[in-house]
Amino acid sequence: MRQINSFAEAVHRLRRERGMSLGDVAAKARYSPSYLSKLLHGHRRLLPEVVRQIDTVLDAKGQLERLAEQQRSEGAAGGDKPMQLPAEVPGFVGRADALRTMDAAFASRAEEGAHTIVIEGGFWVGKTALAVHWVARNLDRFPGGCLFADMRGLGPGAPRTPEEVLDGFLQALGAGQAHLNGALEVRAARFRSILAERPAVVVLDNIADYSQVRHLLPGGGSVVVATSREHQATLLLRTGGVSLDLPALPVADALTLLASRACRHRLAADPVAAEAVVRRCGRLPMAVLIVAEHVQQRPGSSLGKIAAQLATDRQRLELFTSPDPTVNIHGVIDLSYLALPPAAARLFRLLGISPAYTVSAGSAAVLADIEPDRAESLLTVLRQAHLVTPTPDGRYRIDYLLRAYAHQRAMVEEHLRDIERAQDRVLRWYTARALAANNSLIPNWRDSTINSLLAEFDQNRTGFDEAMSWCQNEVATALQIAKNTRSHLAKDLLWALPTAFLPYFAITRSWTDWLIAANDGLDAAAAAESAAGTARSLQVLGWAERDLGRTTEAISHLTQALELFTGLGDELPAAWSAHGLALALADSRRHGDAIAQFLAADDRLQALHHGIGVVMNRAALALAFHEVGDRERAIDTAREALSLAQRHNSDGIHSLAHHSLGLLLQRRGEHRTALTHFDSAASLRQGPWQQWNLADTLIARADSLLVLRLRPQASAAFEKAADILEILRDSRAHEVRARAVLSGKPE
């Protein structure tokens, strides 16, 4: 505590001379006695307007003003240490990575100038809370204390001017009245001079741009921590600072925050709803805290009800609407949205009604009906305003609350016809891309019915690896689009899009997405009253069920699909349905019925000159012939399949023919010959998309090695297959690993 100073002594002397108590002085000066007592004991600064009022009350004729000015000047020379940091937000959680980044930036700060750390991020993500938390942890490292200013760059009210903030900083540092006069550059120089002797941390919260803060940057040794909703390229360029793009909280941290402010037993009672709540809050700390307050104030409100309210775009924002502008989501996002250029604002609105939550430059261009380069530049504008979030694969995501806001804007500012057309364009584009990619996986898989729906789109074939990569990146988005689009213009595509991925599903065995696609396709086909769509969806569903071992359901659905395609006269999908049905019948050991369907499929595929289809069908037909005892026909058919496969430039088809012939030879007891074909198949199945098939070949190879009493080699093949299956999370991994152990033991 400071001792009573000369200013205080003069005040007490003058009030006694005039017969006034301290309370009388406080009342006449219109300040509280408590404030006046703290002022006289050095706990409050001698602000010029306060001193002037006390001087007038005590009729000191400027004596008190002169003493205060002298003390302020002496204080500036003697080392006033301002502590303007706001109180920390209770319950600060997580942010370990961000704090480490800030610690590293502070440790490496250059001696010749202030180091700048800029925390960037969207609304309510916790930028200020992080800045305050980090500074509070490091205050003892700054002999000059902490200066703090809310610059209101994007916030309620007019932005703060550098002049008013700088004067406040100078007063906090004890600078005299003489130093508050003069040009802005002169005052900024004085500010830097003071902090050169006493390095401080300067927190500039919610800045607009470099011009707003350039005169508030201190000299060497000090650190600036700035926060902003927009990317501050110029500030970083001029200061050599470090930029920290603050993401939303991880789900676990968001749940911890919710639990710390709401009743923990509610979270424990319904953890699924709790996780849904924080996800639908966008994992934004402020949104989570608002929900926690809502829960506390309404004991009868369950997390399940809140999760349901947050599930729809129309209701999602209601919970975050408040008369307080700092916690009113509309006003908070308005500040960013209204600052956008018109073209970027339109794209942002359209993202709110897009059936996909994730977009690429290409799909955004289709959504907005603009060129891809233009879409890329507009997405960059939105990213810099933190209205979209970049994803690791180069696409962009619009988060829950921003999407709801954009949806509301679109419904008000866009014509409903334009909204439907935008959704329709996206649906058509994704369907065309999905069909083109999957037709590259199995050439000529696509049929004329689908082609006629997409005649206006460029459907150039891509390479196998490129097609697989596109499917892997986009399949979830495509299924989301098919589910969310409400199109009256192209409703047939709502079943065509989810079913377009059949080749991809068959290769990767993505069973969950496979079943979702089939059932979504069935629903869309029923709504469109489309026989072709129903047939296609039944075909996709039957193939998935067969792959999952549900042979009875597979046989039923594939039979229905075959009948529908036959009735429609659509030969290519009828051939594939017959082939799938034959495989399911073979799995059920109905080999005679399977052969009949294989032969029917073979006739159709040959008539269509579908070479790859013929290879796939005959490779399976050969095994069916063997099962009914027609061994010569079986070996001839398998060799025909291999010969036909060599006409096609496809590792997948070559490996399939070798693997099938190897299995046939293995069943005939010709294990050494079988091994040569298994080895050929394995060498062709090394690609990332062939891992399941490689595991199947390795298991078959190990079985032949065991018969030949080559136990170490068999054990190694089983081990390698088990490793692959574990990575793929295939339930067979444990059994194959056990076989590896057993085969490795001596006989």
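Fair warning: this is a prediction, and the values are worked out from it, not measured in the lab. All heavy atoms count here, side chains included; hydrogens, waters and symmetry mates do not.
Side-chain N/O atoms of E474 and Y430 include a donor and acceptor closer than 3.5 Å. Between S715 and E719, the side chains place no donor N or O within less than 3.5 Å of an acceptor N or O (distance only, hydrogens not considered). Defined by atom type and a distance below 3.5 Å, a donor-acceptor pair is missing between the side-chain atoms of Q423 and T485.
With sequence neighbours left out, the salt bridge (Lys or Arg N to Asp or Glu O under 4.0 Å) criterion links D602 to R618. With sequence neighbours left out, the side chain to side chain donor-acceptor pair (under 3.5 Å) criterion links S743 to no other residue. Applying the side chain to side chain donor-acceptor pair (under 3.5 Å) test to E563 and every residue at least two apart in sequence or in another chain returns nothing. Partners of D270 under the salt bridge (Lys or Arg N to Asp or Glu O under 4.0 Å) rule, at least two apart in sequence or in another chain, do not exist in this structure. Residues satisfying the side-chain contact (heavy atoms from CB on, under 4.5 Å) test with S530, not counting sequence neighbours, are D492, W495, A528, A532. Residues satisfying the ring-ring contact (aromatic ring centres under 6.0 Å, His included) test with H557, not counting sequence neighbours, are none. Every residue two or more places apart in sequence or in another chain that forms a salt bridge (Lys or Arg N to Asp or Glu O under 4.0 Å) with D399 is listed here: R397. Looking at residues two or more places apart in sequence or on another chain, you find no salt bridge (Lys or Arg N to Asp or Glu O under 4.0 Å) involving E376. Partners of F598 according to the ring-ring contact (aromatic ring centres under 6.0 Å, His included) rule, which considers only residues two or more places apart in sequence or in another chain, are H579. Residues satisfying the side chain to side chain donor-acceptor pair (under 3.5 Å) test with Q713, not counting sequence neighbours, are none.
No donor-acceptor pair closer than 3.5 Å links the side chain of S660 to the backbone N or O of L656. Although no hydrogens or angles enter the test, the distance criterion places no donor-acceptor pair under 3.5 Å between the side chain of Q597 and the main chain of D593. Between the S577 side chain and the P573 main chain, a donor and an acceptor come within less than 3.5 Å of each other. Without hydrogens or angle criteria, Q539 side chain to L558 main chain gives no donor-acceptor distance under 3.5 Å. A donor-acceptor pair is defined here as one N or O able to donate and one able to accept, closer than 3.5 Å; no such pair exists between the side chain of D587 and the backbone of T551. Looking only at distances, no side-chain donor or acceptor of S363 sits under 3.5 Å from a matching main-chain atom of V359. Judged by distance alone, with hydrogens and angles left aside, the side-chain atoms of T697 form a donor-acceptor pair with the main-chain N or O of N693 at under 3.5 Å. Checking side-chain atoms of R280 against main-chain N and O of A307 turns up a donor-acceptor pair under 3.5 Å. Side-chain atoms of S588 do not come within 3.5 Å of backbone N or O of R590 as any donor-acceptor pair. A donor-acceptor pair is defined here as one N or O able to donate and one able to accept, closer than 3.5 Å; such a pair exists between the side chain of N484 and the backbone of P355.
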Given the rule in the side-chain contact (heavy atoms from CB on, under 4.5 Å) test, do Q691 and L694 qualify, once you have shown the distances and angles that lead to the verdict?
-> CA-CA 5 Å; Q691 292 303 290; L694 176 59; 4.1 Å; yes
Apply the test side-chain contact (heavy atoms from CB on, under 4.5 Å) to residues L664 and E670: give CA-CA distance (whole Å), side-chain angles for both, the deciding distance (0.1 Å), then the verdict.
-> CA-CA 9 Å; L664 184 59; E670 300 175 30; over 6 Å; no
Evaluation steps, side-chain contact (heavy atoms from CB on, under 4.5 Å), between L583 and W543 = CA-CA 9 Å; L583 292 172; W543 275 79; 4.2 Å; yes
List the steps and the verdict of side-chain contact (heavy atoms from CB on, under 4.5 Å) for R425 and L367.
-> CA-CA 6 Å; R425 286 193 300 270; L367 175 70; 5.8 Å; no
What do the steps show when you test D696 against R509 for salt bridge (Lys or Arg N to Asp or Glu O under 4.0 Å), and what is the final call?
-> CA-CA 13 Å; D696 290 340; R509 303 184 187 182; 3.1 Å; yes
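Electrostatic pairing of E553 and R546 does not count as a salt bridge here, judged by no charged N lying under 4.0 Å from a carboxylate O. Salt bridge status for E735 with R739: absent, with no side-chain N to carboxylate O gap under 4.0 Å. Note on D636 versus R631: no salt bridge recorded, every NZ/NE/NH1/NH2 to OD/OE distance being 4.0 Å or above.
Sorted by first and then second residue, the ring pair (Phe, Tyr, Trp, His ring centres under 6.0 Å) pairs with a member in residues 702-738 form an empty list; sequence neighbours excluded. Screening residues 674-685 for salt bridge (Lys or Arg N to Asp or Glu O under 4.0 Å) gives D679-R701 as the qualifying pairs, with residues at least two apart or on separate chains.
The distance from atom CG of N617 to atom CG of D603, rounded to the nearest 0.5 Å, is 9.5 Å. Separating the CZ atom in R604 from the CG atom in L562 is a distance of 5.5 Å, to the nearest 0.5 Å. Residue L351 holds its CG atom at 11.5 Å from OH of Y396, rounded to the nearest 0.5 Å. L675 contributes atom CG, which lies 10.5 Å from atom OG of S680 (distance to the nearest 0.5 angstrom). The structure places CG of L515 at 11.0 Å from OG of S510, a figure rounded to the nearest 0.5 Å. To the nearest 0.5 Å, atom CG of residue D723 and atom CG of residue L728 are 11.0 Å apart.
F678 and H659 have tilted rings, their planes meeting at an angle from 30° to 60° on a 0 to 90° scale.
Under the 4.5 Å side-chain criterion, counting only non-hydrogen atoms from C-beta, T477 is in contact with R395. By the 4.5 Å heavy-atom criterion applied to side chains, L435 and T431 are counted as neighbours. Side-chain atoms of D253 and R283, non-hydrogen and from C-beta on, never get closer than 4.5 Å to each other. Side-chain contact between Y504 and W514 is absent, with no heavy atoms from C-beta onward closer than 4.5 Å.
Nearest approach of L661 to A638, heavy atoms of both residues: CD1-CB, 3.6 Å. Looking at every heavy atom in both residues, S655 comes nearest to A681 through O-CB, 3.6 Å. For L665 against I635, the heavy-atom pair with the smallest separation is CD2-CD1, 3.7 Å. L538 and L564 make their closest contact through CD1-CD1, 3.9 Å (heavy atoms, listed as atom of the first residue, atom of the second, distance). The minimum heavy-atom distance between A356 and I481, with the atom names listed, is CB-CG1, 3.7 Å. The shortest non-hydrogen separation linking A657 to V615 is CB-CG1, 4.5 Å.
Annotation: Q606, atom CD; neighbour count of heavy atoms from other residues, nucleotides and ligands within 6.0 Å is above 12. Residue R737 places its CZ atom among more than 12 non-hydrogen atoms of other residues, nucleotides or ligands, all under 6.0 Å distant.
Taking the six-membered ring for Trp and the full ring otherwise, W511 and W692 have centroids separated by under 6.0 Å.
Each of D520, L522, N519 was scored for a side chain to side chain contact (heavy atoms under 4.5 Å, CB included) with S537, with one residue passing: L522.
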